[in-house]
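Scroll down for the structure; my scribbles are underneath it.
The figures here come from the full heavy-atom set of this structure, side chains too, leaving out hydrogens, waters and symmetry mates. Counting convention: from 1, in listed order, for ligands and their atoms alike.
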Amino acid sequence: MLILGIDTSCDDTSASVVEDGAKIISNIVSTQDEIHKKYGGIVPELASRRHIEMILPVVDEALNKAKLRFKDISAIAVCQGPGLIGSLLVGVCFAKSISYFNKLPLVAVNHLEGHIFSSFLEDPLPEFPFIALIVSGGHTNIYRVNSFGLYKEISRTRDDAAGEAFDKVAKLLGLGYPGGPLIDALSEKGNPETIHFPRPFVDKSFDFSFSGLKTSVLNYVKKNPNAKKEDVAASFQLAIIDVIVTKTIEAAKKEHINGIVLGGGVSANKALRRRMEEIAHKEKIKVYLLPPYLCTDNAAMIAAAGFYHFKEKDFANFDLNPKAYLPL
Ligand code: KG4
Ligand code: ZN
């Protein structure tokens with residue numbers, strides 16, 4: 001079963017062909033980093049305009065690379081949300097058009113579900129039930145995944161997402177955009193014990209809150225303009241990782257689950273991966289880590305999750321609309 005996946009939820013235009021929800025045949029991602037870099041963040045209007053320019057060539061390339069045509073495809077899976085509404089609109093409209101024209105079934109996929117099902121594109125496959133930590137530019141959520149379609153949200157962020165905090169701290173340190181990978185690289189050269197930034201634990205809850213941490217980095221930098229950026233970056237990174245890892249492990253223990261899947265751009269972070277594996281190992285919990293290209297946004301994960309919707313005959317109609325806010 002070959003599914004063509006499409007994701008235009010944020011600032012990457014992506015299309016991918018995946019076989020049986022597990023094997024990537026092609027996966028094309030056209031990033032817009034160059035466009036948004038000079039603004040230090042994503043400009044939604046520029047993002048949607050670029051998606052319009054790129055959607056056709058990206059889908060074409062995904063099919064060409066797979067040496068396939070529309071007639072070989074079983075269904076089109078498109079990301080319906082959450083994300084930037086103008087960006088989502090481009091992918092959804094395009095998917096509806098090619099589905100109509102080529103008489104192919106259409107399935108709608110939640111972007112967060114896609115990040116969870118990224119883990120089914122790599123061996124070893126996670127076993128249900130598992131805990132999924134989705135840490136991205138827009139989300140920091142912990143789910144209990146009982147099976148396909150059965151998700152229980154354990155926690156979410158009450159303000160900034162982890163990736164947002166990485167990007168904002170990188171901006172205030174003058175590092176550039178996107179900030180997460182830059183802080184990741186710079187931190188490897190710094191001492192994370194230099195500054196003790198607060199660990200924002202929200203009492204009696206697995207919820208997250210990162211806006212205070214970001215403000216304390218800002219205050220520190222204002223007071224200490226000559227501080228080594230490497231040390232500030234590494235100390236901030238350790239604080240955020242401490243909270244994420246502790247809460248995820250505690251959630252797994254509370255739910256009596258011994259498998260944790262990581263997804264979303266921030267899960268590409270080297271220090272986070274090391275720390276999660278180290279603590280999980282002590283607790284006899286298995287951690288499923290993905291290669292960085294499957295952590296960040298990609299359409300293979302949409303095709304992977306789309307395969308399960310297809311199997312369950314959960315088809316979308318042509319009145320499908322994108323949704324900026326779409327809880328799982
Ligand atoms: O999942 P993703 O590609 O898009 C969203 O769904 O948001 O995540 C993008 C986020 C950005 O905030 C980016 O800075 C962050 O993931 N990110 C990282 C790393 N790579 C990407 N954050 C920390 N360390 C990284 N290596
Ligand atoms: Zn994402």
Side-chain angles (χ1 to χ4, degrees), residues 5-14 16 27 29-33 36-37 40-42 44 47 51 79-84 87-88 91 109-119 132-141 143 156-157 160-173 175-188 190 192 208 210 213-214 233-234 236-245 261-276 289-302 304-305 324-326 328:
I6 294 176
D7 186 278
T8 60
S9 56
C10 196
D11 61 337
D12 293 318
T13 318
S14 182
S16 167
N27 182 36
V29 181
S30 166
T31 69
Q32 302 182 0
D33 289 351
H36 303 290
K37 216 162 143 175
I42 298 165
H51 281 307
C79 171
Q80 184 191 8
L84 299 171
S87 292
L88 289 163
V109 173
N110 183 304
H111 187 77
L112 299 164
E113 187 177 40
H115 275 305
I116 294 173
F117 277 81
S118 260
S119 56
L133 166 72
I134 305 303
V135 262
S136 67
H139 294 86
T140 307
N141 294 13
Y143 296 98
R156 56 168 62 205
T157 178
D160 289 354
E164 207 176 340
F166 268 96
D167 292 337
K168 286 177 178 168
V169 168
K171 193 171 178 179
L172 71 90
L173 290 176
L175 300 181
Y177 174 85
L182 298 167
I183 292 210
D184 185 349
L186 193 66
S187 296
E188 297 286 308
F208 301 97
F210 297 123
L213 171 60
K214 174 198 66 195
F236 155 74
Q237 185 176 266
L238 181 61
I240 198 163
I241 286 173
D242 236 6
V243 178
I244 294 173
V245 172
V261 161
L262 263 59
V266 181
S267 68
N269 185 274
K270 292 194 280 298
L272 169 65
R273 294 160 79 98
R274 284 197 297 264
R275 184 70 167 238
M276 189 67 90
L289 295 173
L290 295 166
Y293 78 96
L294 289 178
C295 295
T296 48
D297 286 351
N298 65 86
M301 67 187 201
I302 302 299
Y325 176 72
L326 187 63
L328 196 54

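In Asp297, the N, O or S atom that comes nearest to the Zn ion (ligand 2) is OD1. The atom of His115 nearest to the Zn ion (ligand 2) is NE2, with the search restricted to N, O or S atoms.
Set against the non-hydrogen atoms of Ala268, the atoms of ligand 1 under 4.0 Å away are 26 (N). For ligand 1 and Thr296, the ligand atoms under 4.0 Å from any heavy atom of the residue are 3 (O). For ligand 1 and Asp184, the ligand atoms under 4.0 Å from any heavy atom of the residue are 24 (N), 25 (C), 26 (N). Every atom of ligand 1 is numbered from 1 in the order shown, and the set under 4.0 Å from a heavy atom of His111 is 6 (O). Remark: ligand 1 atoms within the under-4.0 Å shell around heavy atoms of Ser136 are 1 (O), 5 (C), 6 (O), 7 (O), 8 (O). Close contacts of ligand 1 with Gly138, meaning ligand atoms under 4.0 Å from a residue heavy atom, involve 7 (O). Those atoms of ligand 1 that come under 4.0 Å of a heavy atom in Gly264, given as number and element, are 1 (O). Distances below 4.0 Å separate heavy atoms of Gly163 from the following atoms of ligand 1: 12 (O).
For the pair Val245/Leu272, a side-chain contact is recorded, criterion being any heavy-atom separation below 4.5 Å from C-beta on. In this structure the side chain of Phe166 reaches within 4.5 angstrom of the side chain of Asn269, judged on heavy atoms. Between Ile134 and Ile116 the shortest side-chain heavy-atom distance falls below 4.5 Å. In this structure the side chain of Leu289 never reaches within 4.5 angstrom of the side chain of Ser267, judged on heavy atoms. The side-chain heavy atoms of Leu326 and His111, taken from C-beta on, include no pair separated by under 4.5 Å. At least one side-chain heavy atom of Asp242 sits less than 4.5 Å from a side-chain heavy atom of Arg275. By the 4.5 Å heavy-atom criterion applied to side chains, Glu164 and Phe210 are not counted as neighbours.
Look at His111 and the Zn ion (ligand 2): an N/O/S atom of the residue is under 2.8 Å from the metal.
Scanning the protein for heavy atoms near atom 24 (N) of ligand 1, the closest one is Asn269 ND2, 3.1 Å. Protein heavy atom nearest atom 20 (N) of ligand 1, with residue, atom name and distance: Gly265 O, 3.3 Å. Nearest to atom 12 (O) of ligand 1 among the protein's heavy atoms is Asp167 OD2, 2.7 Å. In terms of protein heavy-atom proximity, atom 22 (N) of ligand 1 is nearest to Gly180 CA, 3.2 Å. Annotation: atom 9 (C) of ligand 1 to nearest protein heavy atom, Gly137 N, 3.8 Å. Taking atom 2 (P) of ligand 1 as the reference point, the nearest protein heavy-atom neighbour is Asp297 OD1, 3.3 Å.
From Gln80, atom CD reaches atom OG of Ser9 across 12.0 Å, with rounding to the nearest 0.5 Å. Taken to the nearest 0.5 Å, the OG atom of Ser136 stands 7.0 Å off from the CG atom of Leu112. Taking NE2 from His115 and OH from Tyr143, the interatomic distance works out to 10.5 Å, rounded to the nearest 0.5 Å.
Within the 4.0 Å heavy-atom criterion, the part of His115 lying near ligand 1 is the side chain and not the backbone. With a 4.0 Å heavy-atom cut-off, ligand 1 is reached by no atom of His139.
The two atoms that bring Leu133 and Met276 nearest to each other are CD2-CE, 3.7 Å, heavy atoms only. The minimum heavy-atom distance between Gln237 and Ser187, with the atom names listed, is NE2-CB, 3.4 Å.
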